[in-house]
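One-based numbering, in listed order, for ligands and for the atoms of each. This one's a predicted model, so the numbers in the text were calculated from it and none came from an experiment.
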Amino acid sequence: MDERLDADEVFSYFATTTPYPVNFSLMKILNVEQTRALDQYTIEHEPVAPINLMERAAQAFTDWYTARFDKDRPVRVFCGLGNNGGDGLAIARLLTQLEYKVQTYVVRYAPRESEDFMHNHRRLKLIAPISYIENERDIPVIRNREVVIDAILGSGLSRTTEGIVQSAIDAINHSPATVVAVDIASGLFADAANGPNATIIQPDYTVTFQLPKLAFMLPSQSQYVGEWHVVDINLSRTFMDRTPTTYFYTTEREIRHLLRPRNRFSHKGSFGHALLFAGSYGKMGAAVLASRACLRSGVGLLSVQVPRCGYDIIQTTVPEAMCQPDGHQHILTGQSELEEIDLSKYAAIGVGPGIGTAPETLAMLTKLLSDAQKPLVIDADALNLIAQNRELIAKIPKNSILTPHPKEFERLTRRWTSDYDKLGLLRDFAQRNRLVVVLKGAHSAIATADGTTHFNSTGNPGMSTGGTGDVLTGILTGLLAQGYDPVEAAVLGVFEHGRAGDRVANQRGQIGLTAQDIIESLRWD
Ligand SMILES: NC(=O)C1=CN([C@@H]2O[C@H](COP(=O)(O)OP(=O)(O)OC[C@H]3O[C@@H](n4cnc5c(N)ncnc54)[C@H](O)[C@@H]3O)[C@@H](O)[C@H]2O)[C@H](O)CC1
Ligand SMILES: [K+]
């Protein structure tokens with residue numbers, strides 16, 4: 001979309017294309033230029049003097065810090081010469097006034113400082129000594145139990161770090177201290193790939209202002225982010241709502257708006273009839289998990305087509321589901337023993353969990369893609385079959401939801417050179433083929449046909465265990481069957497799938513977490 005649209009055009013654009021009602025704003029991920037424009041817009045329209053906005057940022061950071069770190073832990077604040085450094089000087093002053101043991105260092109990498117930096121420099125100098133780091137000898141020894149606050153460089157980073165900045169970053173990274181980055185780790189680009197062998201702060205925490213940065217969503221950047229937190233500094237809501245972006249971050253706030261309450265006159269027919277094609281000899285568990293998850297997601301009725309070997313298993317373990325045994329004993333061929341399948345009977349169809357990649361199953365999938373008249377949920381071996389027969393991609397019903405893990409996505413597209421390259425691939429694949437693609441992983445990324453990507457905020461490493469993908473397929477099929485549009489179903493389903501996993505992890509840890517636990521822990525209202 002043309003970034004130069006004026007605010008009214010932007011507003012009308014979102015009114016027509018965003019799958020959500022425009023009357024609530026999603027948590028957006030802005031690029032560096034937009035973040036700077038947001039600052040400037042706030043300064044001009046609130047209005048607020050830049051130095052007071054910096055004070056607001058410093059206070060928000062200090063509130064976050066003092067809620068977590070005691071006064072008896074010595075603090076070393078490393079400041080650059082721009083506004084990130086200005087934030088650092090203000091933070092040093094606020095912590096000093098709260099009687100924290102603060103030592104402040106200015107990494108003097110250039111002759112000039114920003115105006116707001118100089119203002120905070122004068123204010124801090126009145127109440128505390130400031131040390132200057134101009135060469136390696138000036139870098140202090142940083143000891144255990146100390147906390148380093150990294151305010152050397154922020155979103156104004158414009159080149160790979162070098163010289164005394166690089167030396168200071170190295171010293172901090174090699175120290176035993178706990179490191180907290182202000183706004184973003186010094187040396188990390190907020191939304192672009194870093195140079196090879198770049199020297200970047202590796203923080204334990206990042207405290208960022210107002211909105212998360214794109215880099216926070218990418219697995220390859222996680223060592224330069226640590227545990228990240230957003231602090232609100234009350235930047236212009238009007239500007240954020242009207243600024244077009246393609247990246248969003250899904251939190252509880254967005255989900256609340258998406259969930260559809262039930263009314264008391266509903267009946268099972270009100271919540272759709274879903275159909276799942278799942279299972280093969282030795283992988284019937286996938287069909288059981290997907291079926292149970294679909295039912296736990298509120299679907300009205302569920303039918304499951306499995307190979308004949310799975311008939312007793314499904315009827316016994318998932319009594320709420322109706323079961324259509326395939327004509328084949330071990331694999332899915334699509335020939336039902338009981339009756340010719342009429343796809344139009346079903347509000348949503350999911351295919352893939354445990355189906356294997358036999359030629360007869362490929363034939364079944366090919367026919368399903370051609371006959372289905374509404375979006376499907378496609379996962380696991382169904383994706384691998386499509387990857388082996390890429391001409392099938394064009395046959396996938398528009399706005400179907402694909403749920404590949406990175407390896408499956410690579411098979412569908414190509415090997416990528418970086419997480420940024422991967423994001424571009426994901427967006428292009430979804431847009432070009434008019435699909436919703438859930439690329440699973442830490443911060444699962446949901447790319448949509450209109451070019452937006454939604455990063456999920458829930459889930460944990462304990463969920464990297466067999467069957468959790470089958471559970472997600474069941475959830476998404478269940479939501480689609482209830483009438484959620486594919487983007488809503490994907491955003492809502494991925495969020496709750498992860499939140500259920502977080503509930504289990506909180507109760508009993510991550511290591512022992514199983515796919516069945518996630519099903520039992522699903523909660524929608
Ligand atoms: N809404 C907000 O997010 C607010 C952010 N604030 C803080 O402002 C910084 C951004 O400040 P800016 O002055 O634009 O840039 P930096 O401080 O990040 O960088 C300073 C300066 O450094 C030069 N530079 C760039 N790359 C390098 C490098 N590799 N080595 C040495 N020097 C470099 C460049 O010339 C920059 O100008 C943001 O992160 C927040 O911390 C506001 O305080 C409040 C609102
Ligand atoms: K920083």
Out of all atoms in ligand 1, which are within 4.0 Å of some heavy atom of [X]? Include the element for each.
X: G82; answer: 13 (O), 17 (O), 20 (C)
X: I233; answer: 1 (N), 45 (C)
X: G154; answer: 16 (P), 18 (O), 39 (O)
X: T161; answer: 29 (N)
X: L235; answer: 1 (N)
X: Y109; answer: 20 (C), 21 (C), 22 (O), 31 (C), 32 (N)
X: T160; answer: 29 (N)

- To the nearest 10°, what's the angle at the K ion (ligand 2) between atoms OD1 (N84) and O (I184)? 130°
- Message: Only to 10 degrees, please: what angle do the OD2 atom of D150 and the O atom of L153 make about the K ion (ligand 2)?
- Response: 120°
Please give me the minimum heavy-atom distance between [X] and [Y], naming the atom from each residue.
X: R143; Y: P176; answer: C-CG, 3.5 Å
X: N399; Y: V436; answer: O-CG2, 4.2 Å
X: P203; Y: V225; answer: CG-O, 3.5 Å
X: Y224; Y: A185; answer: O-CB, 3.2 Å

- Message: Going by the closest heavy atom to atom 33 (C) of ligand 1, which one wins out of N83, L153, V107?
- Response: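 Residue with the shortest heavy-atom distance to the ligand atom: L153.
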- Give the single entry among S158, S155, G88, A190 that approaches atom 10 (C) of ligand 1 most closely by any heavy atom.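 When every heavy atom of S158, S155, G88, A190 is considered, S155 comes closest to atom 10 (C) of ligand 1.
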- Query: If you measure from each heavy atom of R159 to ligand 1, is any distance below 4.0 Å?
  - Reply: yes
- Query: Under a heavy-atom criterion of less than 4.0 Å, does G80 contact ligand 1?
  - Reply: no
Could you tell me the residue and atom name of the protein heavy atom closest to [atom], and the distance to it rounded to 0.1 Å?
atom: atom 44 (C) of ligand 1; value: A57 CB, 3.9 Å
atom: atom 36 (C) of ligand 1; value: G156 O, 3.9 Å
atom: atom 6 (N) of ligand 1; value: D87 OD2, 3.7 Å
atom: atom 39 (O) of ligand 1; value: D183 OD2, 2.7 Å
atom: atom 35 (O) of ligand 1; value: R112 NH2, 3.4 Å

Distance, nearest 0.5 Å, that separates [atom1] of [X] from [atom2] of [Y]:
X: Q221; Y: D191; atom1: CD; atom2: CG; value: 10.5 Å
X: I184; Y: T208; atom1: CD1; atom2: OG1; value: 6.5 Å
X: D87; Y: D116; atom1: CG; atom2: CG; value: 9.0 Å

- Item | Location of contacts on D39 toward ligand 1, heavy atoms closer than 4.0 Å |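 Side chain only.
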- Give the contacting part of N84 toward ligand 1: side chain, backbone, both or neither, where contact means a heavy-atom distance below 4.0 Å.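 Both parts.
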- So do the side chains of L218 and Y420 get within less than 4.5 Å of each other, counting heavy atoms only?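 Yes, their side chains come closer than 4.5 Å.
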- Message: When you compare the side chain of V75 with that of K101, does any pair of heavy atoms fall below 4.5 Å?
- Response: no
- Qualifying residue for side-chain contact (heavy atoms from CB on, under 4.5 Å) with D39, from L235, N83, V48: L235
- Message: Ring centroids only, cut at 6.0 angstrom: are F61 and F209 within range, meaning strictly under it?
- Response: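 No: the rings miss the under 6.0 Å criterion.
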- Query: Do F455 and Y249 have their ring centres less than 6.0 Å from each other?
  - Reply: no
- Matching residue for Y205 among W64, F216, Y65, W228 - test: ring pair (Phe, Tyr, Trp, His ring centres under 6.0 Å): W64
- Task: Return yes or no for this condition: an N or O of I152 is under 3.5 Å from an N or O of ligand 1.
- Result: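 Not met; the criterion fails.
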- Message: K213 versus ligand 1: do any nitrogen or oxygen atoms come within less than 3.5 Å of each other?
- Response: no
- Message: Does the protein place a non-hydrogen atom closer than 4.0 angstrom to atom 3 (O) of ligand 1?
- Response: yes
- Message: Is the ring pair F248/H454 parallel, tilted or perpendicular, if the boundaries are 30 and 60 degrees?
- Response: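 Ring orientation, 0 to 90° scale: parallel.
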- Mind checking whether the K ion (ligand 2) has an N, O or S of G88 under 3.4 Å? no
